[in-house]
2 protein chains.
Amino acid sequence: MEKQTVTIYDVAREAAVSMATVSRVVNGNPNVKPATRKKVLAVIERLDYRPNAVARGLASKRSTTVGVIIPDVTNIYFASLARGIDDIAMMYKYNIILTNSDDAGEQEVNVLNTLMAKQVDGIIFMGNHIDDKLRAEFKRAKAPVVLAGTVDPEGDTPSVNIDYAAAVEEAVTNLIKRGHKKIALALGSLSQSINAEYRLTGYKRALNKAKLPYDDALVYEAGYSYDAGTKLQPVIADSGATAVFVGDDEMAAGIINASMESGINVPNDLEVVTSNDTIVTQITRPAITSITQPLYDIGAVAMRMLTKLMNDKELDEKTVTLPYGIVRRASTKSAD
Amino acid sequence: MEKQTVTIYDVAREAAVSMATVSRVVNGNPNVKPATRKKVLAVIERLDYRPNAVARGLASKRSTTVGVIIPDVTNIYFASLARGIDDIAMMYKYNIILTNSDDAGEQEVNVLNTLMAKQVDGIIFMGNHIDDKLRAEFKRAKAPVVLAGTVDPEGDTPSVNIDYAAAVEEAVTNLIKRGHKKIALALGSLSQSINAEYRLTGYKRALNKAKLPYDDALVYEAGYSYDAGTKLQPVIADSGATAVFVGDDEMAAGIINASMESGINVPNDLEVVTSNDTIVTQITRPAITSITQPLYDIGAVAMRMLTKLMNDKELDEKTVTLPYGIVRRASTKSAD
DNA sequence: ATACTAATTGAAATCGCTTTCATGAAAATA
DNA sequence: TATTTTCATGAAAGCGATTTCAATTAGTAT
């Protein structure tokens, strides 16, 4: 009792025209006499004909589908970018094949390959690190790739980001201005270039400018999770740091809650600044001062760039840097 | 300078076999002499041949792609389900076309149709409400549909859920046991059946059992967001309720924070219980007592059911009800 | 009317793969 | 050794569209 599918051929027959003509009206090709168009449209309506996108993809070599590689959908930061991506994609009539990579290099390469096999017209990649293997795959891919919220120090792949180094530098400088001498830096893995080459750089620049010594021991590599934050807190407390810049909001929440519970007051004993301005920063008590990023827009702009690339248009700029901000909340003392 | 694509035909020629044979080795068909297989594999390797999934899909009428309709990826609850879905999908070699519907009926129907046009082999639907139109589309679709974390009172569509009514009943009963007489119920729209027909039912059952009067005025329809919670809090405070059951974690967080800030102590003046046990429940202070749901598993099980359906197998049970729990945290006083 | 250009159509080739069916070769049975 | 079966393989017909190119019609200017 398989449901019967109506094909372009059925429409052509019923409307007494050729498949070519049906194809034209379906695709809005103007070279069709209005009367013919009307007739075909009527048959399409009557037969409830829906073009088969797969057949169309094979014939036209365009799938109107783009691949999106994301470390983990349940990560609000990346999910927010994904939302921006999908909205713009939908606006341009593209669909999204979404796959989680867990930030694992091997998995990323795999996923990239299955996406290419599915003939996606383009790819948006999100991740915390890009290694040579991945870069090689990007080059090899015949579909354009755009990075969203993802840095590649090599910079040959188009990307959309904020200036992480500058943002961290500014945030840390604010802390320094308020008199802090020992400022901890709580990040994810330093093997990820966003940490090693951007956040750490911004941190060091701020110290340098203020002629404060850089101390390795104040830089922590932990996971990007609430639990990682709670576990890291005692270590930070022992270090004697009076402020901490954190690379992830949930981790910051963990640090704050663990601090308060062990009698360390935030912000009086420890000021905390975080990176992503997700809803988490508003939920904690105290709420968390944070770098603000136009998350949705990072995704949206990346997708816009990709549509250009997919239509063989030139990009105005290969590396788009969106503005960031800093919003002060209760986890830091009032400025100056 | 278009990159040249290697087709099955090229491989066949180079290996001096027919396309059929190449197809067989690519698909792991056992009817190929080992020597031949080896030879073909070598050519595939040398030419770096990758089967075109679109062509394959057209020929075989299976796209190894499933559509996933989600209200909003940035909603942790649904994103968690999506993660479970994707992991299992990947395990079975399926890819996910993910689209946001914003819970809007019209958009849901649209999306469903473009998914069908893309020839997805199956669909997983998540949403807060299913109306007749949508149900009709499900029937019309020739691909199987499974609901994840989504109730349909009509119950003809296979689905995976927890027993929301029972969970709410238990949670509210716990509150009643601790002496509460006026318990507020903060939900999303009552036009959504999960609220109107399940949560509200569970709430009423608990009251009934305890012979407490049901009062319309204690049931609130708000949005599922942090801000909705902060806005709703003063209203709840005015109602004289001493406890509240909330349908969404972020909303619960808003209620808690607003309460504490206006001098209403949680749990002493107001006990709060929420529904989804997302990370938010651990981040707030006090942390929130919550119904626990196996979010990841709901998605995973739904995807497993879908794979069966896609392979024309019978389902053991059409409606799967996974176990829920209740985890006590600081937003309620210690039981009994 | 006549010739010429522009606007509409249709025929047929493709897109890259799967799959059925026929066939020759090799293995098993008599 | 003759006869069946079983294995491996290839030829070719789709799958359901797009797209090129030629043919036909309609329009417009002599």
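Residue numbers start from 1 in every chain, and the chains themselves are labelled A, B, ... in the order their sequence lines are given, proteins ahead of strands.
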(request) List in chain and number order the residues that pass ring pair (Phe, Tyr, Trp, His ring centres under 6.0 Å) with A:Phe125, two or more places apart in sequence or in another chain; answer none if no residue qualifies. (result) A:Phe138

(message) Can you see if the side chain of B:Arg56 gets near the phosphate of C:dT18 - specifically, an N or O under 4.0 Å from OP1 or OP2?
(response) yes

(message) Under 4.0 Å, counting only non-hydrogen atoms across every strand here, what does A:Ala16 touch: a base, just sugar-phosphate, or nothing?
(response) sugar-phosphate

(request) Write down the distance between NZ (A:Lys61) and C1' (C:dT14), rounded to a whole number of angstrom. (result) 9 Å

(message) The criterion is side-chain contact (heavy atoms from CB on, under 4.5 Å); which residues satisfy it with A:Pro294, sequence neighbours excluded?
(response) A:Ile162, A:Asp297, A:Ile298, A:Leu322

(request) Toss me the dot-bracket line for DNA chain C: Watson-Crick and G-U wobble, both under 3.5 Å, 5' to 3', using | for pairs to another strand and [ ] for crossers. (result) ||||||||||||||||||||||||||||||

(request) On DNA chain D, check which nucleotide each of A:Ala59 and B:Val17 is closest to and give me the residue with the more 5' one. (result) B:Val17

(message) Here's a test of your reading of the structure: between B:Leu58 and B:Met19, which maps to the more 5' nucleotide of DNA chain D?
(response) B:Met19

(request) Check side-chain hydrogen bond (donor to acceptor under 3.5 Å, both in side chains) between A:Tyr94 and all other residues, then give those that pass, not counting sequence neighbours. (result) none

(message) For chain B and DNA chain D, what are the first and last nucleotides along the strand, 5' to 3', with at least one atom under 4.0 angstrom from a heavy atom of the protein chain?
(response) D:dA8 to D:dG16

(request) Specify the separation, in whole Å, of atom CD1 of A:Ile8 and atom C1' of C:dG10. (result) 13 Å

(request) State plainly whether the residues A:Lys318 and A:Asp156 are in salt-bridge range, i.e. N to O under 4.0 Å. (result) no

(request) Kindly state which residues belonging to residues 22-38 of chain B come within less than 4.0 angstrom of DNA chain D, counting heavy atoms of the residue only, listed by number. (result) B:Arg24, B:Asn31, B:Val32, B:Lys33, B:Thr36

(message) By the salt bridge (Lys or Arg N to Asp or Glu O under 4.0 Å) test, which pairs, at least two apart or in different chains, include something from residues 17-38 of chain B?
(response) none

(request) Kindly write out the residues that satisfy side-chain contact (heavy atoms from CB on, under 4.5 Å) with A:Glu137, not counting sequence neighbours, or none if the list is empty. (result) A:Val109, A:Leu112, A:Asn113, A:Arg140

(message) If I compare all heavy atoms of B:Pro158 with all of B:Val145, which pair ends up nearest, and what's the gap?
(response) CD-O, 3.5 Å

(message) Does B:Glu154 have more than 12 heavy atoms from other residues, nucleotides or ligands lying within 6.0 Å of its CD?
(response) yes

(request) Please answer whether the main-chain N or O of B:Val6 pairs with a side-chain N or O of B:Asp10 as donor and acceptor at a distance below 3.5 Å. (result) no

(request) Go through B:Val43 and B:Arg46 one step at a time and tell me if the side-chain contact (heavy atoms from CB on, under 4.5 Å) criterion holds. (result) CA-CA 5 Å; B:Val43 174; B:Arg46 177 158 63 80; 4.3 Å; yes

(request) May I ask you to evaluate whether B:Thr7 reaches the phosphate of C:dC15, defined as a side-chain N or O under 4.0 Å from OP1 or OP2? (result) no

(message) Does anything in residues 125-134 of chain A form a salt bridge (Lys or Arg N to Asp or Glu O under 4.0 Å)? List the pairs, not counting sequence neighbours.
(response) A:Asp132-A:Arg135

Considering only distance and modelled atom types, tabulate donor-acceptor pairs under 3.5 Å from the side chains of residues 114-123 of chain B, sequence neighbours left out.
{"unit_1": "B:Thr114", "atom_1": "OG1", "unit_2": "B:Val111", "atom_2": "O", "d": "3.1"}
{"unit_1": "B:Lys118", "atom_1": "NZ", "unit_2": "A:Ser63", "atom_2": "O", "d": "3.2"}
{"unit_1": "B:Lys118", "atom_1": "NZ", "unit_2": "A:Thr64", "atom_2": "O", "d": "2.6"}
{"unit_1": "B:Lys118", "atom_1": "NZ", "unit_2": "A:Thr64", "atom_2": "OG1", "d": "3.1"}
{"unit_1": "B:Lys118", "atom_1": "NZ", "unit_2": "A:Thr65", "atom_2": "OG1", "d": "2.8"}
{"unit_1": "B:Lys118", "atom_1": "NZ", "unit_2": "A:Asn95", "atom_2": "OD1", "d": "3.2"}
{"unit_1": "B:Asp121", "atom_1": "OD1", "unit_2": "B:Ser63", "atom_2": "N", "d": "2.9"}
{"unit_1": "B:Asp121", "atom_1": "OD1", "unit_2": "B:Ser63", "atom_2": "OG", "d": "3.4"}
{"unit_1": "B:Asp121", "atom_1": "OD2", "unit_2": "B:Ser63", "atom_2": "N", "d": "3.2"}
{"unit_1": "B:Asp121", "atom_1": "OD2", "unit_2": "B:Thr64", "atom_2": "N", "d": "2.6"}

(message) Quick check on contacts: within residues 113-123 of chain A, what sits under 4.0 Å from DNA chain D by heavy-atom distance?
(response) none

(request) Sorted by first residue and then second, give each salt bridge (Lys or Arg N to Asp or Glu O under 4.0 Å) pair with at least one member in residues 56-78 of chain B; sequence neighbours left out. (result) A:Arg83-B:Asp72

